[in-house]
Amino acid sequence: MAVKNSASAQAKRSRKKADASSSLIPKLMKNPKTTMAVALLIIDSLLVSFIIAYVPYTKIDWDAYMSQVSGFLGGERDYKNLKGDTGPLVYPAGFLYVYSAIQYVTGGQVFPAQILFGILYIINLGIVLLIYVKTDVLPWWALSLLCLSKRVHSIFVLRLFNDCFAMTFLHAAMASILYGWWHFGLIIFSAAVSIKMNVLLFAPSLFILMLKAMNISGVISALAGAALVQIVLGLPFLVSYPVEYISRAFNLGRIFIHFWSVNFKFVSEPIFVSKEFAISLLIAHLVLLLVFAHYKWCKHEGGLFKFLYSRIQCCLSSSSSPWPKPLKKEHIVATMFAGNFIGIICARSLHYQFYSWYFYSLPYLLWTTPFPTLLRVLIFIGVELCWNVFPSNLYSSLLLLCLHLLILSGLWYSTTENPYASEKSIGRFFDPFAHEYHGVISLVCNAMLV
């Protein structure tokens, strides 16, 4: 009898597993975005394999990267002595660790590095597709736009730029934040900054989101964790040649070569390299950030200054605070992408690899505008065409700027909705790292003070 019951129970479990397996495909088919995302990953994997196998590699910065890494591995800690054939090292320490690992795995050879970057491309695409699937902005068919850039494929598997790792880490940080893991997301964000500083373009909008979604102690501990990442990664250089490291790895005053500019080629070279032009763009950047923060990102709270005042009042008051509040995923993604896009518009020079800084945000930004679908697609195609003109010229750069400004105007006139999720969503946005993380940060800070 016991044997019969055991056999019956086992049969039931087998039927349940079979039912679960058979219901998986219909569930995927019911969610066309998930089905489309899986299909795109498979198709793009084949395309990347084809590109690596049959399209010639273009030598640009790889040899310089390997020379700089070899100097680091040889014991050099003075940043002014870490150089390659394209110039001195200008990236933070995370870059050296990443490319040291790549050199160890590939032996410094291009072909195995291309395979590694092909895998990185698919990982990055998977993370980006996860962000898009988790948010309800794009129709399922528009996800295909994320795989249609000739320039981005080239940046990853034919150029091997460090921008690829920086943006993959950035997208991973965004995905973590969407799940409510703010502290972990800030650690990954800081790791991305340590590879290339362009990630800091996301920082102003991210900081506003942190103030909305976290209490003050959470914001401080998350920022302390991010700073700690920079200190730990840069420690070998900070203890030996701190001035050289900070001045070169975090140099905000670099002047790029006019020939390689994709966005301001229509500006004459004397104006392009002038300090007045740089200051004008910086002022435009700050003004646009303030305007969008006040009238768009903090509109629901009564504007930026009222929002900041209310947060200060919450810190000073002993009464129960209305924060933290869970944010809608769409608000998080739209705000971070828009903040970065403003920085892109005001950048003095965009080189060809910089397209990876915002390409993956273009479909999202376009579908948050009130534009008709046809115009969105045409703008996307226009931007892609501008980035594939080589060398860039007066007309391509002027068209690119006009398209950027058109997208920005669409973002300005887009509908601003309540950024906060319903109370039922609070549990889903719980940061499991926050409590333990806060304690670890406190211990580390105390140890450093001692």
Exercise for review: In sequence, state the C-alpha distance, the side-chain angles, and the governing distance for L408 and L288, and then conclude on side-chain contact (heavy atoms from CB on, under 4.5 Å).
Suggested key: CA-CA 10 Å; L408 188 67; L288 284 173; 4.1 Å; yes

Counting only heavy atoms not in [X], do more than 12 sit closer than 6.0 Å to its [atom1] atom?
X: K150; atom1: NZ; result: no
X: F259; atom1: CZ; result: yes
X: K83; atom1: NZ; result: no
X: I257; atom1: CD1; result: no

Flag for [Y]-[X]: side-chain donor and acceptor within less than 3.5 Å:
X: H331; Y: K212; result: yes
X: Y241; Y: N81; result: no
X: N162; Y: Y65; result: yes
X: Y79; Y: Q68; result: no
X: H153; Y: Y121; result: yes
X: T416; Y: H300; result: no
X: S149; Y: E384; result: yes

**Study point:** Verdict with supporting geometry, W367 and L145, side-chain contact (heavy atoms from CB on, under 4.5 Å)
**Key:** CA-CA 12 Å; W367 258 262; L145 298 176; 3.8 Å; yes

Centroid-centroid distance, [X] to [Y], less than 6.0 Å:
X: W62; Y: F161; result: no
X: Y355; Y: Y352; result: no
X: F264; Y: F266; result: yes
X: Y309; Y: F305; result: no
X: F72; Y: F237; result: yes

Practice item. Please tell me if the side chains of L130 and Y179 come closer than 4.5 Å, counting only heavy atoms from C-beta onward. Key: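 A side-chain contact exists here, since the closest heavy-atom pair is under 4.5 Å.
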
**Study point:** Pairs involving residues 195-207, ordered by first then second residue, that meet salt bridge (Lys or Arg N to Asp or Glu O under 4.0 Å) (sequence neighbours left out)
**Key:**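 Sorted result for residues 195-207: D163-K196.
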
Practice item. Assess whether ring pair (Phe, Tyr, Trp, His ring centres under 6.0 Å) is satisfied between Y364 and F337, documenting all intermediate values. Key: CA-CA 8 Å; Y364 202 100; F337 279 164; 5.7 Å; yes

Practice item. Name all residues meeting the side-chain contact (heavy atoms from CB on, under 4.5 Å) criterion together with L308; count only those two or more places apart in sequence or in a different chain, and write none if there are none. Key: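 L308 satisfies side-chain contact (heavy atoms from CB on, under 4.5 Å) with L211, L304 once adjacent residues are dropped.
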
Check your understanding: Listed by chain and number, what are the side-chain contact (heavy atoms from CB on, under 4.5 Å) partners of L406, not counting sequence neighbours?
Key ->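 Scan of L406 (side-chain contact (heavy atoms from CB on, under 4.5 Å), adjacent residues dropped) gives F371, I379, S409.
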
Practice item. Let me see the working for E330 and T135 under side chain to side chain donor-acceptor pair (under 3.5 Å), right down to the final yes or no. Key: CA-CA 6 Å; E330 292 78 9; T135 53; 5.4 Å; no

How long is the straight-line distance from [atom2] of [Y] back to [atom1] of [X], given to the nearest 0.5 Å?
X: S176; Y: I127; atom1: OG; atom2: CD1; result: 8.5 Å
X: Q313; Y: S310; atom1: CD; atom2: OG; result: 8.5 Å
X: L138; Y: I131; atom1: CG; atom2: CD1; result: 12.5 Å
X: M167; Y: M174; atom1: CE; atom2: CE; result: 8.5 Å
X: L146; Y: L362; atom1: CG; atom2: CG; result: 9.5 Å

Review point. Which of parallel (below 30°), tilted (30 to 60°) and perpendicular (above 60°) describes W357 and F354?
Key: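 Correct class here is parallel.
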
Review point. Between Y358 and H404, what is the ring plane arrangement, given parallel below 30°, perpendicular above 60°, and tilted in between?
Key: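 The arrangement is perpendicular - the two ring planes meet at more than 60°.
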
**Study point:** side-chain contact (heavy atoms from CB on, under 4.5 Å) between H285 and L289, intermediate numbers included
**Key:** CA-CA 6 Å; H285 187 190; L289 285 175; 3.5 Å; yes

Practice item. Carefully, step by step, assess F359 and F380 under the rule side-chain contact (heavy atoms from CB on, under 4.5 Å). Key: CA-CA 9 Å; F359 164 76; F380 179 86; 3.5 Å; yes

Review point. Can you name the closest pair of heavy atoms from G343 and L201 and give their distance?
Key: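 So the two residues come closest at CA-CD2, 4.0 Å.
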
Exercise for review: Heavy atoms only: give me the nearest S356-Q353 pair and the separation to one decimal.
Suggested key: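 Minimum heavy-atom separation between S356 and Q353: OG-O, 2.8 Å.
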
Practice item. Please say which of N124, L160, L158 ends up in a side-chain contact (heavy atoms from CB on, under 4.5 Å) with F117. Key: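 Filter result, single survivor: L160.
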
Practice item. Answer yes when D136 and K33 have at least one side-chain N-carboxylate O distance shorter than 4.0 Å, and no when they do not. Key: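 Salt bridge flag = yes for K33 with D136.
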
